[in-house]
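To find a chain, count down the sequence lines: A is the first, B the second, and so on, and within it residues start at 1. Here the structure is a predicted model, which means the values were calculated and not measured.
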2 protein chains.
Amino acid sequence: MKKRQLLISGSYENEVYSGREKRVKKKMGEVKHLAIVKFKEGVDVEEMIKGMEKMVSQIDAVKSFVWGQDVEGPEMLTQGFTHVFEMTFVSKASLTSFLGDPIHVEFSSAFSAAIEKIVLLDFPAVVGKAPA
Amino acid sequence: MKKRQLLISGSYENEVYSGREKRVKKKMGEVKHLAIVKFKEGVDVEEMIKGMEKMVSQIDAVKSFVWGQDVEGPEMLTQGFTHVFEMTFVSKASLTSFLGDPIHVEFSSAFSAAIEKIVLLDFPAVVGKAPA
């Protein structure tokens, strides 16, 4: 239990989630902004990812950023999605700041034009198993 | 650049991804198993999540596990998906071991029955911005 508590920052705004289940309130810490996408045919994906890395490097509100390309999946499981982009923020306020940042807004416009489909989820990260 | 390299473990099997772009090969380290789901109506989501936490606690191959419930999203962005489950493995071999573990296979069967839809992606995690 101790390990879990150490991973939870106190900076999250509880009141935003007052209607949520206790489980979430109890364990929340960082906030994640997750996008899974399928790019349009002909898009230079490498360039798009370079642009995203540049964008997050320019915005301090983004604590960390990890991305990946699916390597395993049968279509039945991936539903045609191929790439994952996950940004981590120390608080909901940081995520809000990021979403409104002009650098992000400009990048989003180019990004939107390049994707065939997307699912976007924002969530307080609950640590179900901490790294040993 | 130094910071990035420190985050990349050498345990990944390069040959599996020999056909992939150099960018991925260069920076890969941990492997992630990501599921985004929408549960069927009437499912006891809390119980399901407890079951998942128990399952990952019983399988050493799972290095860490984070989950969350979307809090922001308009339907247009979430596509109706509500929950994210993300497990991290130190290597592709660990993920393969997890997928074949009888405890995981048994849980997956119950989990599959509880979900209306799912997207499952496995990917080597590329660190685009390391935590400061």
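With a 4.5 Å cut-off on non-hydrogen atoms, V119(B) touches chain A through its backbone and its side chain both. Interface remark: I118(B) contributes backbone atoms only to the contact with chain A (heavy atom separation under 4.5 Å). Contacts between I59(B) and chain A at a heavy-atom distance below 4.5 Å involve the backbone alone (N, CA, C, O).
We find that E116(B) and K38(B) are joined by a salt bridge, their nearest charged nitrogen and carboxylate oxygen being less than 4.0 Å apart. We find that K129(B) and E53(A) are not joined by a salt bridge, their nearest charged nitrogen and carboxylate oxygen being 4.0 Å or further apart.
Ranked by heavy-atom pairs under 4.5 Å with chain A, the first of L34(B), T88(B), V62(B), L77(B) is L77(B). Counting heavy-atom pairs under 4.5 Å between each of M76(B), K117(B), E86(B) and chain A puts E86(B) at the top.
Note on L95(A) and V66(B): separate hydrophobic clusters, where clusters join Ile, Leu, Val, Met, Phe, Trp and Tyr whose side-chain heavy atoms are under 4.5 Å apart, directly or indirectly.
Note: H83(B) and F39(B) have perpendicular aromatic rings, judged against thresholds of 30 and 60 degrees for the angle between ring planes.
You'll find the side chain of F89(A) stays beyond 4.5 Å of the side chain of K32(A), heavy atoms only.
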